[in-house]
Asker: 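To start, I am sharing the structure in question, which I have written as structure tokens.
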Amino acid sequence: HVQLVESGGGSVEAGGSLTLSCAVTGPTASTSCVAWFRQAPGKEREGVAAMHRSDHTRNYTDYANDVRGRFNISRDSEKNMVFLQMSSLKPEDTGTYSCAAGPIRPCTVVTTKRLAPYWGQGTQVTVS
């Protein structure tokens with residue numbers, strides 16, 4: 001049984017930083033690909049970052065163009081946690097951030113949006 005629980009959301013001023021966490025429980029094979037998504041009010045959910053724990057122990061990552069260089073996705077496999085470090089935040093980064101997971105290859109924000117079977121409830125991020 002896979003469960004994803006996000007935390008770390010809050011309000012921050014433009015230019016600030018925030019780190020989100022996603023606690024992942026369940027079989028490792030079912031969560032080899034993990035991604036972060038966000039959804040602003042009245043807008044479609046969009047992928048932000050994705051990471052696959054490869055067979056070679058290198059973590060492949062994928063980012064949406066508008067967050068590349070500002071956001072960083074990482075995971076602590078021992079603690080079953082996935083993080084999204086966000087910096088240089090902009091008002092347009094505001095939204096509900098959710099993590100998603102699944103046994104997906106390739107692991108990208110596009111494929112995960114279509115194929116991820118497991119989703120968290122989300123945590124709110126407000127940038128003003």
Side-chain angles (χ1 to χ4, degrees):
H1 176 66
V2 175
Q3 187 175 18
L4 308 174
V5 179
E6 303 92 340
S7 62
S11 297
V12 63
E13 292 184 351
S17 300
L18 203 61
T19 297
L20 306 181
S21 301
C22 176
V24 181
T25 57
T28 302
S30 299
T31 58
S32 55
C33 173
V34 184
W36 284 96
F37 291 81
R38 68 185 177 196
Q39 187 168 21
K43 294 188 177 181
E44 186 177 344
R45 182 164 56 192
E46 60 178 351
V48 174
M51 166 178 274
H52 190 281
R53 186 175 60 193
S54 74
D55 294 333
H56 302 286
T57 71
R58 290 184 300 164
N59 295 311
Y60 294 98
T61 58
D62 180 52
Y63 294 93
N65 288 335
D66 62 344
V67 305
R68 187 172 288 112
R70 298 190 298 122
F71 290 12
N72 183 67
I73 185 172
S74 61
R75 66 192 301 170
D76 183 333
S77 296
E78 290 186 3
K79 297 181 180 179
N80 293 322
M81 298 289 293
V82 180
F83 305 100
L84 183 68
Q85 297 169 287
M86 306 183 293
S87 61
S88 301
L89 284 163
K90 306 174 183 179
E92 50 264 44
D93 293 320
T94 294
T96 300
Y97 283 69
S98 303
C99 58
I104 302 166
R105 281 183 181 267
C107 179
T108 69
V109 294
V110 173
T111 58
T112 310
K113 183 179 181 181
R114 285 194 293 114
L115 302 173
Y118 309 110
W119 293 81
Q121 292 298 311
T123 185
Q124 178 67 34
V125 173
T126 303
V127 184
S128 60

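Computed from a predicted model, the values in this text were never measured in an experiment.
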Asker: Please name the residue in the list Pro103, Pro106, Cys33 that meets the side-chain contact (heavy atoms from CB on, under 4.5 Å) test with His52.
Answerer: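 That would be Cys33.
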Asker: Distance check, rounded to the nearest 0.5 Å: Asp62 atom CG versus Arg68 atom CZ?
Answerer: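 Reported value, rounded in 0.5 Å steps: 6.5 Å.
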Asker: Side-chain heavy atoms under 4.5 angstrom apart, residues restricted to Ile, Leu, Val, Met, Phe, Trp, Tyr: same cluster for Val109 and Trp36?
Answerer: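 The answer is no; the residues belong to distinct hydrophobic clusters.
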Asker: With sequence neighbours left out, which residue pairs that include part of residues 6-27 fulfil the side-chain hydrogen bond (donor to acceptor under 3.5 Å, both in side chains) condition?
Answerer: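 Not a single pair qualifies under side-chain hydrogen bond (donor to acceptor under 3.5 Å, both in side chains).
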Asker: State which residues pass side-chain contact (heavy atoms from CB on, under 4.5 Å) with Val2; sequence neighbours excluded, sorted by chain then number.
Answerer: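 Val2 satisfies side-chain contact (heavy atoms from CB on, under 4.5 Å) with Leu4, Pro27, Ser30, Thr31, Tyr118 only.
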Asker: Mind checking who shares a hydrophobic cluster with Trp119, ILVMFWY linked at side-chain heavy-atom distances under 4.5 Å?
Answerer: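 Once heavy-atom contacts under 4.5 Å are chained together, Trp119 belongs with Phe37.
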Asker: Which pairs with one or both residues in residues 38-49 pass side-chain hydrogen bond (donor to acceptor under 3.5 Å, both in side chains), sequence neighbours excluded?
Answerer: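 Counting only pairs at least two positions apart or across chains, the side-chain hydrogen bond (donor to acceptor under 3.5 Å, both in side chains) contacts touching residues 38-49 are Arg38-Glu46, Arg38-Asp66, Arg38-Asp93, Arg38-Tyr97, Glu44-Lys113.
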Asker: When you measure from the side chain of Thr61 to the backbone N and O of Met51, does any donor-acceptor pair fall under 3.5 Å?
Answerer: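 No, the answer is negative, given that no donor and acceptor are paired below the 3.5 Å cut-off.
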Asker: Show the nearest heavy-atom pair for residues Leu18 and Gly8, with the distance to one decimal.
Answerer: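 That closest heavy-atom pairing would be CG-O, 3.7 Å.
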Asker: Write down the atom of Gly47, the atom of Ala64, and the distance for their closest heavy-atom approach.
Answerer: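 Distance-wise, the nearest heavy atoms are O-CB, 3.4 Å.
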Asker: Report the C-alpha separation of Val127 and Glu92 in whole Å, then their side-chain angles, then the decisive distance to 0.1 Å, and conclude whether the side chain to side chain contact (heavy atoms under 4.5 Å, CB included) test is met.
Answerer: CA-CA 8 Å; Val127 184; Glu92 50 264 44; over 6 Å; no
Asker: Can you name the closest pair of heavy atoms from Ala101 and Val34 and give their distance?
Answerer: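 Looking at all heavy atoms of both residues, the closest pair is CB-CG2, 4.2 Å.
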Asker: For Val12 and Gly16, which heavy atoms make the closest approach, and how far apart are they?
Answerer: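 So the minimum-distance heavy-atom pair works out to CG2-CA, 3.9 Å.
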Asker: Shortest non-hydrogen contact from Ala100 to Thr112?
Answerer: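 Looking at all heavy atoms of both residues, the shortest contact is CB-CG2, 4.3 Å.
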Asker: Can you pull out every ring pair (Phe, Tyr, Trp, His ring centres under 6.0 Å) where at least one residue sits in residues 6-35? Sequence neighbours excluded, please.
Answerer: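 Those involving residues 6-35 do not exist here.
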Asker: Distance-only criterion, 3.5 Å: show the donor-acceptor pairs between side-chain atoms of residues 80-90 and protein atoms not counting sequence neighbours.
Answerer:
unit_1: Gln85; atom_1: OE1; unit_2: Asn72; atom_2: ND2; d: 3.0
unit_1: Ser87; atom_1: OG; unit_2: Arg70; atom_2: O; d: 2.8

Asker: Is it possible for you to say whether Tyr63 and Val125 belong to one hydrophobic cluster, with membership spreading through side-chain heavy-atom contacts below 4.5 Å?
Answerer: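 Yes, it is one cluster - the side chains of Tyr63 and Val125 are joined through contacts under 4.5 Å.
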